[in-house]
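Read the structure below first, then the notes.
These numbers come from the heavy atoms of this one structure, side chains and all, not from hydrogens, waters or symmetry mates.
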Amino acid sequence: MKALELAGEAEDHLTYCRTLGGMSLQAPHLGHGKRGLDHADSAAEATPVAGPLLVAFLRGQQAAAAAMTGDWHTASTRLQETEEALAPADTRRDAVGGYDQAAYYFHEAHVRWHLKDPEGSIKALRRSNAIRSPLERQGRLHSLGTITERQYRTRHVETACQTWERAPA
C-alpha cells in the first residue's frame, strides 16, 4: 500500500497503475478474487494512456479475477480484449514487467480453471510453457507447479507426480 501511496503523491500514473496491477496479481493468489478484480479495474482506470502490453496485462488480470468471482461474461470479454491488445504489440519484455503470449496463456489457464474447465486450463499452461523462453526459469516452474496442483486437485495423482518429476532441479 505504501508504494501505491507514494506513486499517488508523486502523480506517477504509470507506477500507480503498475502497483495496482501487482496488487491485482496477489489478491487472487490469496483467495480474494473480488479484491483482485477491484484492483485490476482500478489499475485499468488509473492510467488514461497505456501501451498495448500494459493494456493486455491489465485486461488479463481483469479476466482472471472476474473468472474467480464466477463472472463468466466479464471474464470471457476481458480475455478476448487481452488477446486483441496483445496482437499488434511488440512483445519484447521491457525493463519493468512485460507481457507476451506465454503470459496470455497463463491468464487463459486461470480463467478456464475458475470457470470449471480443468483440462482446458492445463492445456493453456502447457502452451504457456511451450513458448516461454528457456531463460524464464521462475515462470516455467510456476506453470509446472500450477499444472501439478491442478492435476492433483482433479484426482490425477500419478500424473501430477510425473509432471513434477520433470521439473528442473
Side-chain angles (χ1 to χ4, degrees), residues 17-18 20-45 50 52-89 91 93 97-134 136-168:
C17 176
R18 286 186 172 183
L20 278 170
M23 292 168 67
S24 76
L25 272 171
Q26 293 303 314
H29 286 296
L30 298 172
H32 303 288
K34 175 72 171 101
R35 187 173 296 158
L37 181 57
D38 291 344
H39 289 322
D41 288 344
S42 295
E45 294 170 13
L53 294 180
L54 183 55
V55 169
F57 165 73
L58 295 172
R59 294 298 178 264
Q61 280 305 111
Q62 288 174 304
M68 190 174 196
T69 66
D71 185 347
W72 180 88
H73 178 72
T74 299
S76 298
T77 300
R78 294 293 186 235
L79 193 61
Q80 182 175 351
E81 291 171 357
T82 304
E83 191 171 22
E84 290 167 1
L86 186 59
T91 58
R93 292 189 175 270
Y99 195 84
D100 59 12
Q101 196 67 41
Y104 168 78
Y105 287 137
F106 198 81
H107 274 134
E108 178 188 3
H110 287 301
V111 168
R112 289 181 177 280
W113 177 257
H114 290 294
L115 297 179
K116 311 294 187 229
D117 179 9
E119 296 297 322
S121 175
I122 290 169
K123 285 179 184 176
L125 287 165
R126 289 191 190 287
R127 282 194 303 270
S128 178
N129 263 356
I131 63 172
R132 188 179 307 278
S133 165
E136 291 184 51
R137 186 167 193 251
Q138 182 179 357
R140 184 172 306 286
L141 286 172
H142 187 194
S143 286
L144 281 173
T146 304
I147 291 169
T148 301
E149 177 189 15
R150 291 179 181 177
Q151 289 170 330
Y152 175 78
R153 286 189 177 191
T154 56
R155 301 177 191 244
H156 294 95
V157 177
E158 290 296 323
T159 305
C161 290
Q162 291 168 358
T163 298
W164 191 244
E165 284 177 0
R166 287 192 299 265

For the residue pair Ile131 and Tyr104, establish whether any side-chain heavy-atom pair is separated by less than 4.5 Å.
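No, their side chains stay 4.5 Å or more apart.
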List the atom of [X], the atom of [Y], and the distance in Å for their closest heavy-atom pair.
X      : Y      : result
Ala102 : Ser128 : O-OG, 2.8 Å
Ala75  : Ala66  : N-CB, 3.8 Å
His110 : Ala67  : O-CB, 4.5 Å
Gly60  : Tyr99  : CA-OH, 4.2 Å
Gly36  : Ala65  : C-CB, 3.7 Å
Leu86  : Ala56  : N-CB, 4.1 Å

With sequence neighbours excluded, what pairs up with [X] under the salt bridge (charged side-chain N to carboxylate O under 4.0 Å, His left out) test?
X      : result
Arg153 : Glu149
Arg140 : none
Asp38  : Lys34

Once rounded to the nearest 0.5 Å, what's the spacing between atom [atom1] of [X] and atom [atom2] of [Y]?
X      : Y      : atom1 : atom2 : answer
Tyr152 : Glu158 : OH    : CD    : 12.5 Å
Met68  : Leu37  : CE    : CG    : 11.0 Å
Ser42  : Leu20  : OG    : CG    : 5.5 Å
His107 : Arg112 : NE2   : CZ    : 14.5 Å
Thr74  : Glu81  : OG1   : CD    : 9.5 Å
Trp164 : Thr159 : CH2   : OG1   : 16.0 Å

Kindly write out the residues that satisfy side chain to side chain contact (heavy atoms under 4.5 Å, CB included) with [X], not counting sequence neighbours, or none if the list is empty.
X      : value
Lys116 : none
Ala109 : Ser121, Ala124, Leu125, Arg150
Ala40  : Ser24, Gln61, Gln62
Arg126 : Ile122, Ile147, Gln151, Thr163, Arg166

List in chain and number order the residues that pass side-chain hydrogen bond (donor to acceptor under 3.5 Å, both in side chains) with [X], two or more places apart in sequence or in another chain; answer none if no residue qualifies.
X      : value
Thr154 : His156
Gln26  : none
Lys123 : none

With sequence neighbours excluded, tell me which residues meet ring pair (Phe, Tyr, Trp, His ring centres under 6.0 Å) with Tyr105.
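Counting only residues at least two positions away or on another chain, Tyr105 forms no ring pair (Phe, Tyr, Trp, His ring centres under 6.0 Å).
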Who passes ring pair (Phe, Tyr, Trp, His ring centres under 6.0 Å) against His39, sequence neighbours left out?
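None.
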Between Leu144 and His142, is a side-chain contact (heavy atoms from CB on, under 4.5 Å) present by the stated rule, with each step listed?
CA-CA 5 Å; Leu144 281 173; His142 187 194; over 6 Å; no
CD of Glu84: more than 12 outside heavy atoms within 6.0 angstrom?
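Counting neighbours around CD of Glu84, more than 12 heavy atoms of other residues, nucleotides or ligands fall under 6.0 Å, so yes.
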Just do the side-chain contact (heavy atoms from CB on, under 4.5 Å) check on Asp71 and Thr69 with the steps written out, would you?
CA-CA 6 Å; Asp71 185 347; Thr69 66; 3.8 Å; yes
